[in-house]
Number of protein chains: 2
Amino acid sequence: MGIFSKTCEYAMRAMFYIAQRSQEGHRSGIKEIAEHIDSPEHFLAKILQKLSKEGLVQSIKGPNGGFYLDAKSLTRPLADIVTTFEGEQIFTGCGMGLSYCSEENPCPLHNDFKEVRNKITRMLMDTTIGQFNHELIKGQLTLNK
Amino acid sequence: MGIFSKTCEYAMRAMFYIAQRSQEGHRSGIKEIAEHIDSPEHFLAKILQKLSKEGLVQSIKGPNGGFYLDAKSLTRPLADIVTTFEGEQIFTGCGMGLSYCSEENPCPLHNDFKEVRNKITRMLMDTTIGQFNHELIKGQLTLNK
DNA sequence: ATAATAAAGGACAACAATATCTTTTATTAT
DNA sequence: ATAATAAAAGATATTGTTGTCCTTTATTAT
Ligand code: FES
Ligand code: FES
């Protein structure tokens, strides 16, 4: 696995996709999303359910329903999605798995790993969900290759 | 989970511990290692078996036997341990789980994620297994807190 | 009202990661 | 030679992640 779990990866891809479609004024059904981000449909449904409960994505049932993002949601940082699935561990945890990371009792990787963590944190905090709509619509960025 | 799997975390901690003890001229038994890095004993045995097969750690059976690191092994980069358990994914994979990462078909996180990956890679390539022996012996660094 | 649609929710299945236990093999000391 | 030690190897158990399926609920269109 990479840095993030598969669940979290699908979640990020799905949210970027929904953001793009929302920008275009469309709501997206699970099937459509799954196809465009290349994820298992039913598994994705579960993921979106969780994001919906967290209020990170909006949804409407029934015909013409689907998932979309309101203005507020489009400005939320990617970090909110990651936290939903991975918890705080990735932002604060020790790189070698010690029960907590501290300056007083550092592991051998502590100094280097702090920087890695900070870079990840900045990436996730500074990136908003709606940030790439333009590039995604123009096809300069991809979610399924 | 953090960036690395539990298996990989135990492996790194174990190797740093064995390195330290090797430096002091001792071989370490599984039980001793497990206690000092706070890992499940039998699971650690499996991990060390794999590292042994890879030639990353040396071992001797029987009384006064145990695990140790020869001069060559002490200079190997931490990356070799990580690759054994996580493969190349962590060094080359896409942060959002796309099947491959490329400049031609980048995901939204590509630019930021490249830097994260590079920092991780540098950390693991530039750190050698024997590098922290002194600090570990003096207790300035820890493997079990 | 009824049928159609689409998300929400619950139950379950497959698989991989983590963990434990037992037997075998190599080595050493007596 | 025998017993003791410790890693190697094999078998199995537990848990978490990933994935599927089926039923229910809300909404819309007819
Ligand atoms: S103690 Fe390990 S990263 Fe800080
Ligand atoms: S394409 Fe996703 S990190 Fe490069």
Side-chain angles (χ1 to χ4, degrees), chain A residues 1-15 17-18 21-22 26-35 37-69 82 84-87 89-90 97, chain B residues 1-15 17-18 21-22 26-35 37-69 82 84-87 89-90 97:
Chain A
M1 193 44 38
I3 288 199
F4 304 111
S5 65
K6 235 165 195 350
T7 309
C8 188
E9 288 174 350
Y10 291 147
M12 291 190 284
R13 304 221 297 271
M15 290 294 267
Y17 178 78
I18 298 167
R21 293 292 288 160
S22 294
H26 293 282
R27 286 197 277 265
S28 325
I30 287 172
K31 196 164 186 173
E32 176 196 342
I33 304 169
E35 273 164 14
I37 70 167
D38 192 29
S39 76
E41 185 181 327
H42 296 286
F43 187 43
L44 178 62
K46 291 296 177 200
I47 292 170
L48 289 173
Q49 265 176 42
K50 190 160 186 184
L51 288 167
S52 173
K53 273 190 201 159
E54 294 285 325
L56 289 169
V57 70
Q58 284 65 54
S59 71
I60 291 183
K61 288 184 182 178
N64 303 319
F67 294 90
Y68 66 99
L69 291 162
V82 173
T84 300
F85 297 100
E86 317 274 30
Q89 176 77 355
I90 198 152
Chain B
M1 196 42 37
I3 288 199
F4 305 111
S5 66
K6 232 163 200 341
T7 309
C8 188
E9 288 174 351
Y10 291 147
M12 292 190 284
R13 303 221 297 271
M15 289 294 267
Y17 178 78
I18 297 167
R21 293 292 288 163
S22 292
H26 292 282
R27 286 197 277 265
S28 323
I30 287 173
K31 196 163 186 174
E32 174 196 342
I33 303 169
E35 274 164 13
I37 70 167
D38 191 28
S39 77
E41 184 180 329
H42 295 287
F43 187 42
L44 179 63
K46 289 296 174 198
I47 292 170
L48 289 172
Q49 264 175 44
K50 189 160 188 186
L51 288 167
S52 174
K53 273 190 202 159
E54 295 287 325
L56 289 169
V57 69
Q58 285 64 55
S59 71
I60 291 182
K61 289 183 181 180
N64 303 320
F67 295 90
Y68 66 99
L69 291 162
V82 173
T84 300
F85 296 100
E86 317 273 31
Q89 176 78 355
I90 199 151

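Residue numbering restarts at 1 for every chain, and letters A, B, ... go by the order of the sequence lines. The structure presented is a predicted model; accordingly, all values stated were derived computationally and were not measured.
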Going by side chain to side chain contact (heavy atoms under 4.5 Å, CB included), name the residues that satisfy it together with [X], two or more places apart in sequence or in a different chain.
X     : answer
A:P63 : none
A:K46 : A:Q49
A:S39 : A:Y10, A:A34, A:I37, A:L44
A:K53 : none

- Message: I need the CG-P distance between A:L51 and C:dG9, as an integer number of Å.
- Response: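 These atoms are roughly 13 Å apart.
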- Taking atom P of D:dT17 as reference, at what distance in whole Å does atom CD of A:E9 sit?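 Those two atoms, CD and P, are 14 Å apart.
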- Least distance between heavy atoms, A:L48 atom then A:I18 atom: CD2-CD1, 3.9 Å
- Query: Which residues pass the side-chain hydrogen bond (donor to acceptor under 3.5 Å, both in side chains) test with A:R21, sequence neighbours left out?
  - Reply: A:E24, A:E32
- Item | Those residues that, when tested against A:S5, pass side-chain hydrogen bond (donor to acceptor under 3.5 Å, both in side chains) (two or more places apart) |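 In terms of side-chain hydrogen bond (donor to acceptor under 3.5 Å, both in side chains), with neighbours along the sequence ignored, A:S5 is linked to A:E86.
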Tabulate atom names and distances for all N/O pairs under 3.5 angstrom spanning the protein and nucleotides 16-18 of chain C.
unit_1 : atom_1 : unit_2 : atom_2 : d
C:dT18 : OP1    : B:K6   : N      : 3.0
C:dT18 : OP2    : B:T7   : OG1    : 2.4

- Message: Please enumerate all residues that pass ring pair (Phe, Tyr, Trp, His ring centres under 6.0 Å) together with A:Y17, with sequence neighbours excluded.
- Response: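 By the ring pair (Phe, Tyr, Trp, His ring centres under 6.0 Å) rule, A:Y17 matches A:H36.
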- Query: Can you list the stems that include DNA chain C, where a stem is three or more consecutive Watson-Crick or G-U pairs with distances under 3.5 Å?
  - Reply: C:1-30 with D:1-30
- Note on the structure: Readout for nucleotides 4-14 of chain D: B = base within 4.0 Å of protein heavy atom, S = sugar-phosphate only, - = neither; 5' to 3' it is BBBBBBBB---
- Item | Sequence neighbours excluded - side chain to side chain donor-acceptor pair (under 3.5 Å) pairs with any residue from residues 56-68 of chain B | B:Q58-B:S73
